[in-house]
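Hydrogens, waters and symmetry mates are skipped; everything else that's a heavy atom, side chains included, is used. For reference, positions follow the sequence shown, starting with 1.
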Amino acid sequence: MAGVSDAELKTMSQDERAKALGMTTEQLTGKSLYVEFDPDAEERFTYPWAPEVDFNKRTEIDTDDMTSTQVNSRIRSLMAEGYGTIVLKNPRGKHSLGVGILSKLNLIIEGSTGYFGVGLLDGPNVRITGRVGWSCGENMMSGTVLVEKNAGSTFGAAIRGGDLVCRGSVGSRTGIDQKGGTIIVGGDTGALSGFMMQRGRMVVCGNAGKNLGDSMYDGTIFVGGDIKSLGVDAVEAELTDLDKKWLTRKLTQYGLMPDKGVDHFTKIVAGKQLWNYDNLEPSDKKLIL
């Protein structure tokens with residue numbers, strides 16, 4: 001494990017080593033999030049090798065005759081030269097565009113992208129004027145992504161932070177294994193959205209398909225329209241005044257605030273009946289799986 005030497009591990013008890021290596025299986029009922037950083041620290045938590053870019057320094061890339069690898073390499077080269085606003089023209093539905101950007105950047109994609117677009121982000125602000133394919137924003141850690149039209153399935157898979165927004169409708173399994181951050185859908189979402197959700201918030205302004213929030217461990221889902229059905233261990237909860245204030249602020253920020261406000265939204269959370277899963281015997285786990 002990074003930050004813990006072999007010598008230090010040898011001096012620890014078995015329980016201490018298990019926790020240091022992330023191998024604990026303790027029951028989490030009633031526990032709160034364990035914070036492993038100092039929220040009062042003054043340092044900016046940016047990568048030391050991240051390039052210094054100027055948002056006012058702008059350029060364009062015509063991607064028509066380029067591969068995705070060539071486009072992504074070109075983006076990094078331009079960032080190294082200090083360009084802070086980069087426009088991609090003629091993306092033609094290419095897959096894996098704009099992935100793995102771990103620095104601040106304004107990235108504008110004029111057109112539609114294919115699968116796995118702008119995944120593994122940590123910092124940039126992205127606007128996509130067209131549609132996106134499956135798994136847009138996968139494992140996003142921070143920043144913002146705004147999709148002007150519709151998105152495919154697994155939108156925001158395993159997202160960890162930042163805001164991932166689609167003004168249109170999205171496919172099934174939106175936010176599967178979501179670990180943090182915010183996913184906002186201006187239209188409808190498909191079946192199994194919020195599946196195995198762990199933390200974060202999901203907002204669906206339209207309707208939600210079958211098995212919403214199935215096996216969700218934690219987190220919150222807000223739905224402005226109809227819900228086809230709830231999944232295992234997903235339950236309805238009270239929409240509080242704090243929820244309404246947060247929804248109003250977020251939806252107004254992205255121009256998605258409904259004319260009738262947010263009082264009609266339904267709030268879905270985990271019933272927490274699955275929280276004791278790690279305490280099952282191996283034979284019980286085998287039966288469940």
Side-chain angles (χ1 to χ4, degrees), residues 28-35 39 137-146 151 154-167 169-254 256-258 260-275 277:
L28 297 180
T29 302
K31 301 270 180 101
S32 60
L33 176 64
Y34 181 70
V35 179
E138 181 187 23
N139 274 294
M140 175 180 171
M141 291 174 276
S142 70
T144 61
V145 175
L146 175 61
T154 59
F155 185 66
I159 182 177
R160 297 170 180 271
D163 288 354
L164 180 62
V165 184
C166 177
R167 293 191 186 277
S169 294
V170 299
S172 60
R173 294 176 174 82
T174 301
I176 181 173
D177 198 25
Q178 181 176 351
K179 297 176 173 66
T182 302
I183 297 175
I184 301 177
V185 179
D188 302 334
T189 189
L192 281 167
S193 292
F195 178 56
M196 294 183 68
M197 184 180 192
Q198 297 177 34
R199 290 196 186 278
R201 294 184 177 100
M202 181 186 302
V203 183
V204 180
C205 296
N207 303 322
K210 296 180 179 178
N211 297 321
L212 179 71
D214 188 88
S215 302
M216 65 186 295
Y217 180 83
D218 210 337
T220 309
I221 304 173
F222 301 98
V223 180
D226 297 328
I227 300 173
K228 189 75 171 179
S229 66
L230 294 178
V232 174
D233 205 29
V235 298
E236 187 173 338
E238 177 188 0
L239 188 69
T240 67
D241 288 338
L242 286 176
D243 293 328
K244 295 176 184 178
K245 290 179 180 178
W246 181 86
L247 283 168
T248 299
R249 178 172 59 85
K250 275 293 182 183
L251 294 178
T252 300
Q253 179 181 351
Y254 293 106
L256 293 172
M257 182 67 180
K260 58 182 177 181
V262 297
D263 290 350
H264 64 288
F265 273 79
T266 301
K267 178 180 178 180
I268 303 300
V269 299
K272 300 182 180 179
Q273 297 302 306
L274 302 178
W275 276 33
Y277 178 79

Please report the closest heavy-atom contact between C205 and L256, naming both atoms and the distance.
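Shortest heavy-atom separation between C205 and L256 comes out as SG-O, 4.1 Å.
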
Determine the minimum heavy-atom distance between G187 and V204, stating which atoms define it.
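Nearest pair, atom of G187 first, then V204: O-CG1, 3.5 Å.
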
Show the numbers, then the answer: is there a side chain to side chain contact (heavy atoms under 4.5 Å, CB included) between E138 and T154?
CA-CA 8 Å; E138 181 187 23; T154 59; over 6 Å; no

Would you compute the distance between atom [atom1] of [X] and atom [atom2] of [Y] and round it to the nearest 0.5 angstrom?
X    : Y    : atom1 : atom2 : result
E236 : I221 : CD    : CD1   : 12.5 Å
N139 : D177 : CG    : CG    : 8.5 Å
L146 : Q253 : CG    : CD    : 10.0 Å
T220 : M197 : OG1   : CE    : 6.5 Å

Of T266, L251, L239, the residue whose pairing with F222 passes side chain to side chain contact (heavy atoms under 4.5 Å, CB included):
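For F222, the side chain to side chain contact (heavy atoms under 4.5 Å, CB included) test succeeds with only one of T266, L251, L239, which is L239.
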
Using a cut-off of 6.0 Å, state whether more than 12 heavy atoms not belonging to K210 lie near its atom NZ.
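Count not over threshold, so no.
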
For R167, look at atom CZ and say whether over 12 heavy atoms of other residues, nucleotides or ligands are found less than 6.0 Å away.
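More than 12 heavy atoms, drawn from other residues, nucleotides or ligands, come within 6.0 Å of this atom.
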
Side chain to side chain contact (heavy atoms under 4.5 Å, CB included) for K179 and Q198? Distances and angles first, verdict last.
CA-CA 5 Å; K179 297 176 173 66; Q198 297 177 34; 4.1 Å; yes

Considering only NZ, NE, NH1 and NH2 on the basic side and carboxylate oxygens on the acidic side, decide whether K272 and D218 come within less than 4.0 Å.
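D218 and K272: not salt-bridged.
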
Does the distance from a Lys or Arg side-chain N to an Asp or Glu carboxylate O, for K228 and D226, drop under 4.0 Å?
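Salt bridge between K228 and D226, a charged N being under 4.0 Å from a carboxylate O: no.
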
List the steps and the verdict of side chain to side chain donor-acceptor pair (under 3.5 Å) for D233 and Y217.
CA-CA 8 Å; D233 205 29; Y217 180 83; over 6 Å; no

Between M202 and Q178, is a side chain to side chain contact (heavy atoms under 4.5 Å, CB included) present by the stated rule, with each step listed?
CA-CA 9 Å; M202 181 186 302; Q178 181 176 351; 3.8 Å; yes

Is a donor on one side and an acceptor on the other found under 3.5 Å between the side chain of [X] and the backbone of [Y]?
X    : Y    : result
D214 : V232 : yes
S229 : N211 : yes
S172 : G190 : no

Can you list the steps and then say if S193 with L212 is a side chain to side chain contact (heavy atoms under 4.5 Å, CB included)?
CA-CA 5 Å; S193 292; L212 179 71; 4.0 Å; yes

